[in-house]
Undergrad: 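Pasting a structure here, questions to come.
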Protein chains: 4
Amino acid sequence: MIPFKTFQNLSKDKQERITRIAVEEFSEKGYAQASINSIVSRLGIAKGSIFQYFGNKKGLFIFAFNISMNMVKDYLRTVRDQTRSENLFTRLEATLLAGVIFLQKHPVIYRLYIRIMFEYEIPFRNEILLSLREYSLKYFRTLLTDAAANGEIRAKLDIDKACFVLDAVMDRFLQAKILPHLDAGLGIYNTGEQEAREWIKELTDILRTGLGI
Amino acid sequence: MIPFKTFQNLSKDKQERITRIAVEEFSEKGYAQASINSIVSRLGIAKGSIFQYFGNKKGLFIFAFNISMNMVKDYLRTVRDQTRSENLFTRLEATLLAGVIFLQKHPVIYRLYIRIMFEYEIPFRNEILLSLREYSLKYFRTLLTDAAANGEIRAKLDIDKACFVLDAVMDRFLQAKILPHLDAGLGIYNTGEQEAREWIKELTDILRTGLGI
Amino acid sequence: MIPFKTFQNLSKDKQERITRIAVEEFSEKGYAQASINSIVSRLGIAKGSIFQYFGNKKGLFIFAFNISMNMVKDYLRTVRDQTRSENLFTRLEATLLAGVIFLQKHPVIYRLYIRIMFEYEIPFRNEILLSLREYSLKYFRTLLTDAAANGEIRAKLDIDKACFVLDAVMDRFLQAKILPHLDAGLGIYNTGEQEAREWIKELTDILRTGLGI
Amino acid sequence: MIPFKTFQNLSKDKQERITRIAVEEFSEKGYAQASINSIVSRLGIAKGSIFQYFGNKKGLFIFAFNISMNMVKDYLRTVRDQTRSENLFTRLEATLLAGVIFLQKHPVIYRLYIRIMFEYEIPFRNEILLSLREYSLKYFRTLLTDAAANGEIRAKLDIDKACFVLDAVMDRFLQAKILPHLDAGLGIYNTGEQEAREWIKELTDILRTGLGI
DNA sequence: GATGAATGAGATTTCATTCAT
DNA sequence: AATGAATGAAATCTCATTCAT
């Protein structure tokens, strides 16, 4: 949803501040539990203004969410393009590492993504999630197709299912960086970049060789 | 939380119906958004009754959740015990297949588990999540330890990280059975048992051999 | 209100127990805040029984309150009759001391009286309070009339107003025995019989001689 | 509790009207039985408004109560200061008369004070009661100490106990002005200023000379 | 006579949304 | 354009009372 003209007439500073606080609120509380009251009191502006800028709660959410997801997509696209000449597993490592670094810089945005992923009654939830998943799968398929062309992966490998495994493992790893209960003592949650590199190396290794003898 | 005496005095039929509708509501809307109003109107009983049975919303939730999680644990325990003599990858297949069958019979319960996993302000959330994760990790570690003793897995394999990969892939597969956006056209969502068996076979294969040549 | 026949058919033991618990509940919480739920759960009987015995909450209250006030009146009557031959100030001392002893034996009943005195929406409140006050004033008037006949008090004393002063001081003294905030460090609240005797002596003295030179 | 900014932005008229109705409601029904529903329907405003002004029922109560008690204290302070040069019994008369006049102007406030005094589960009840009692005792002790210095009272008089008697009689007299059951035909309740003056004169006289010959 | 499950009115509280200023 | 007072639906929860067993 496009914010109303009123919002676009604001100073870039104010626009940015409103967006940031809104993303924070939705990220901390999800959509239904997020409170316009809380947002305006954190912003120090009048409640009516939000409705003038975005029409309603839903409009604010869609706007804040789109902004956030575009940041993610921009970032991923950069990684993909910059590693084009590397082999698959190096690229996977680079992708995961890029995720870790993005997380450190924008923890709020990743949390927002997780909230939306697991909350039901969200405006345009289906469209949002479908678009995200397609983006992610396309990303991995590109990597695997490139790798197949270079003979880096087993010829008989089912690309779809391999995509699925990559998506599952890598998504879960990033989630465990910020959700302590997914870590449960494994040492992923809240650790530094160095520890993350070691985990990534090991995970990529397992993905390459599997568990069997 | 143990339901009050009044609830235990109800007919088994009524108890079962109330439990089922409550699990459905929490499963569909999560804890905060679930509405006692909605539950009682679906049940066709008076609002006060629920409070006589469970004291408050939290009591109802804890009860419904415990019932559900015990069903899951009972089921998993059976699978583990019945496959004790098999090799690791057969056991993993059996586990996933058992998950699929459980899901077909009780889709609502798996949804409930997912909601709880990703909602923030839930009663006893920390206790719940810790208990669930410990249960899951212990399950996989048992399987891997058995397999290591039998020389079924690579000697140098890091058990912790292998657990993590198994957990991530298998959890995601089951999620994709009921969450269309996690499937995104791969053909996992809402398909029959036969298709699931093929996916499972392939996934287990990838887990055994990895992606590399 | 007379309890229904069902109640009168109960064993004296059970009748007494129900009355006692009801008085305790009303004494602790007042009329509106008293809870039938709480009463029946303390009694361990069915909720319906109370309504079979007394019709409704109001009926139970009137019954419990009447029983209590009759105990007070019986006690006062005994004191008055047993001190008939003493002089006024000895009788006042005896009355106050009797009050203190009654309080020690039946603190719950005095509390009940205080609650009712200051709660508004009570069934038959006006009738109850009028009857109590009349009883109390009649009591003091009897004492003062006896004393006037014996020349123990000033001839020109206005009996009505003297009654008022006696009532005010003596009531407040007993209240301060159980309401800490009325004591506020004076040493009346919750002290033993010996200390009460000294206070009574001093108060009677002030009542006899006044504050002036 | 300080009311929120919204309340302070209302017109003085509206503020005053809300305060008055709230004091009336608490005064008539006490804290627990007072109903926000009732208050807003008397005011003809929306239920949510009260919560915007005061946060919750407790906040409204504390506000209404503080406003009321400050009116009382201001009034008493004026009386004390204006009678500083008079003798004790004149000052007591002035105090009582001031009480009577305050009562005529603000009967609701005195009722509120009484309700709070005898209701148990009130927010900040302990703090409130301690503060009130200390204020009252300090007031009387000041008067008696001044009088002792001027030789107006018996040398051996126990100041504490004399305070107690004064407090008891004067408080009860004011209560009987508005609580018919405390009057019971004595002619205090609801009578004019002239009758009050006569009662006060007589009461002060009894307090000075006592009942005895 | 005793039971206790069922009821529903009414309490406090939250919050997105509207709209007059 | 900005404000923030006003609103009212809906949430959780309590409890006296009824009535079938």
Side-chain angles (χ1 to χ4, degrees), chain A residues 4-7 9-10 14 32-41 44-60, chain B residues 4-11 14 32-40 43-60, chain C residues 4-7 9-10 14 32-41 44-60, chain D residues 4-11 14 32-40 43-60:
Chain A
F4 298 151
K5 196 156 146 284
T6 310
F7 181 74
N9 288 343
L10 299 178
K14 190 162 186 182
Q33 293 297 297
S35 147
I36 300 284
N37 271 353
S38 163
I39 290 172
V40 296
S41 89
I45 66 171
K47 212 189 294 194
S49 298
I50 288 294
F51 290 88
Q52 219 152 19
Y53 302 153
F54 301 98
N56 53 26
K57 186 182 185 180
K58 182 170 150 183
L60 173 61
Chain B
F4 298 164
K5 200 157 141 278
T6 304
F7 182 74
Q8 285 162 333
N9 289 341
L10 300 180
S11 72
K14 189 160 188 181
Q33 288 301 297
S35 149
I36 302 284
N37 274 356
S38 159
I39 289 173
V40 295
L43 281 168
I45 64 173
K47 215 183 292 191
S49 296
I50 287 293
F51 291 92
Q52 202 158 46
Y53 304 154
F54 301 99
N56 53 28
K57 186 182 183 179
K58 182 171 154 183
L60 173 61
Chain C
F4 298 151
K5 196 154 148 284
T6 311
F7 181 73
N9 287 344
L10 298 178
K14 190 162 186 182
Q33 292 297 297
S35 147
I36 300 283
N37 269 353
S38 162
I39 290 173
V40 296
S41 88
I45 66 172
K47 212 189 293 194
S49 297
I50 288 293
F51 289 87
Q52 219 152 15
Y53 304 153
F54 301 99
N56 54 26
K57 187 182 184 179
K58 182 171 152 183
L60 172 62
Chain D
F4 298 148
K5 197 157 143 277
T6 305
F7 182 74
Q8 285 162 335
N9 289 343
L10 301 180
S11 73
K14 188 160 190 181
Q33 288 302 295
S35 148
I36 302 284
N37 274 356
S38 160
I39 290 174
V40 295
L43 281 168
I45 66 174
K47 215 181 294 193
S49 296
I50 287 293
F51 291 90
Q52 202 157 45
Y53 302 154
F54 301 99
N56 52 28
K57 186 181 183 180
K58 182 170 154 182
L60 173 60

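Lettering follows sequence order; numbering is per chain, from 1.
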Undergrad: How would you label the contact of A:A32 with the nucleic acid (heavy atoms, under 4.0 Å): base, sugar-phosphate, or nothing?
TA: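 Counting heavy atoms under 4.0 Å across all strands, no contact is made by A:A32.
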Undergrad: Between B:Q52 and D:Q52, name the one whose nearest nucleotide on DNA chain E is closer to the 5' end.
TA: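 Here B:Q52 is the residue nearer the 5' end.
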Undergrad: If every non-hydrogen atom of C:K47 is compared with every non-hydrogen atom of C:I36, which pair is closest and at what distance?
TA: CG-CG2, 4.0 Å
Undergrad: Check the phosphate of F:dA16 against C:K57, side-chain N and O only, distance under 4.0 Å to OP1 or OP2. Yes or no?
TA: yes
Undergrad: Measure from NZ on D:K14 to P on F:dG4 and round the result to the nearest Å.
TA: 16 Å
Undergrad: DNA chain F: B:K47 or C:G55, which has the more 5' nearest nucleotide?
TA: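 On the 5' side of the pair lies B:K47.
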Undergrad: Does D:G48 or C:Q33 map to a spot on DNA chain F nearer the 5' end, using the closest nucleotide for each?
TA: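 Result of the comparison: D:G48.
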Undergrad: Regarding D:I39, tell me which of base, sugar-phosphate or nothing describes its non-hydrogen contacts under 4.0 Å with the strands shown.
TA: nothing
Undergrad: Looking at A:Y53, does any N or O in its side chain come under 4.0 Å of the phosphate oxygens OP1/OP2 on F:dA1?
TA: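 For F:dA1, neither OP1 nor OP2 has a side-chain N or O of A:Y53 closer than 4.0 Å.
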Undergrad: Can you tell me the distance, in whole Å, between the CD1 atom of A:I50 and the P atom of F:dA1?
TA: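 Distance check: A:I50 CD1 to F:dA1 P gives 15 Å.
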Undergrad: Check the distance between F:dC13's C1' and B:I36's CD1 and give it to me in whole angstrom.
TA: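 Those two atoms, CD1 and C1', are 9 Å apart.
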Undergrad: Send over the distance from C:F54 CZ to F:dA16 P, rounded to a whole Å.
TA: 15 Å
Undergrad: Can you name the closest pair of heavy atoms from A:F51 and A:K57 and give their distance?
TA: CE2-N, 4.4 Å
Undergrad: For DNA chain E, whose closest nucleotide is more 5', that of D:F51 or that of B:I45?
TA: B:I45
Undergrad: How far apart are the closest heavy atoms of B:L10 and B:Y53, and which atoms are they?
TA: CD1-CZ, 3.6 Å
Undergrad: B:N9 near the nucleic acid: base, sugar-phosphate alone, or nothing, with a heavy-atom cut-off under 4.0 Å?
TA: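 Sugar-phosphate contact only.
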Undergrad: Under 4.0 Å, heavy atoms only, any strand: does D:S35 hit a base, just the sugar-phosphate, or nothing?
TA: sugar-phosphate
Undergrad: If we call it a pair only when both distances are under 3.5 Å in a Watson-Crick or G-U wobble match, what pairs with F:dT21?
TA: E:dA2
Undergrad: Within this structure, what is the CG-to-P distance between D:N37 and F:dA9, rounded to whole angstrom?
TA: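 So the CG-P distance, D:N37 to F:dA9, works out to 13 Å.
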Undergrad: Would you grab the first and last nucleotide of DNA chain E (5' to 3') that comes under 4.0 Å of any non-hydrogen atom in chain A?
TA: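 Nucleotide range with atoms under 4.0 Å of chain A: E:dA16 to E:dT18.
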Undergrad: Scan B:S49 against the nucleic acid and name what it touches under 4.0 Å (heavy atoms): base, sugar-phosphate only, or nothing.
TA: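 Base, at least one base heavy atom under 4.0 Å.
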Undergrad: Quick one: CD on B:Q52 to OG1 on B:T6, what's the gap to the nearest 0.5 Å?
TA: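 Interatomic distance, B:Q52 CD to B:T6 OG1, rounded to 0.5 Å: 4.5 Å.
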Undergrad: Is there a side chain to side chain contact (heavy atoms under 4.5 Å, CB included) between A:I45 and A:I39? Walk through the geometry before answering.
TA: CA-CA 9 Å; A:I45 66 171; A:I39 290 172; over 6 Å; no
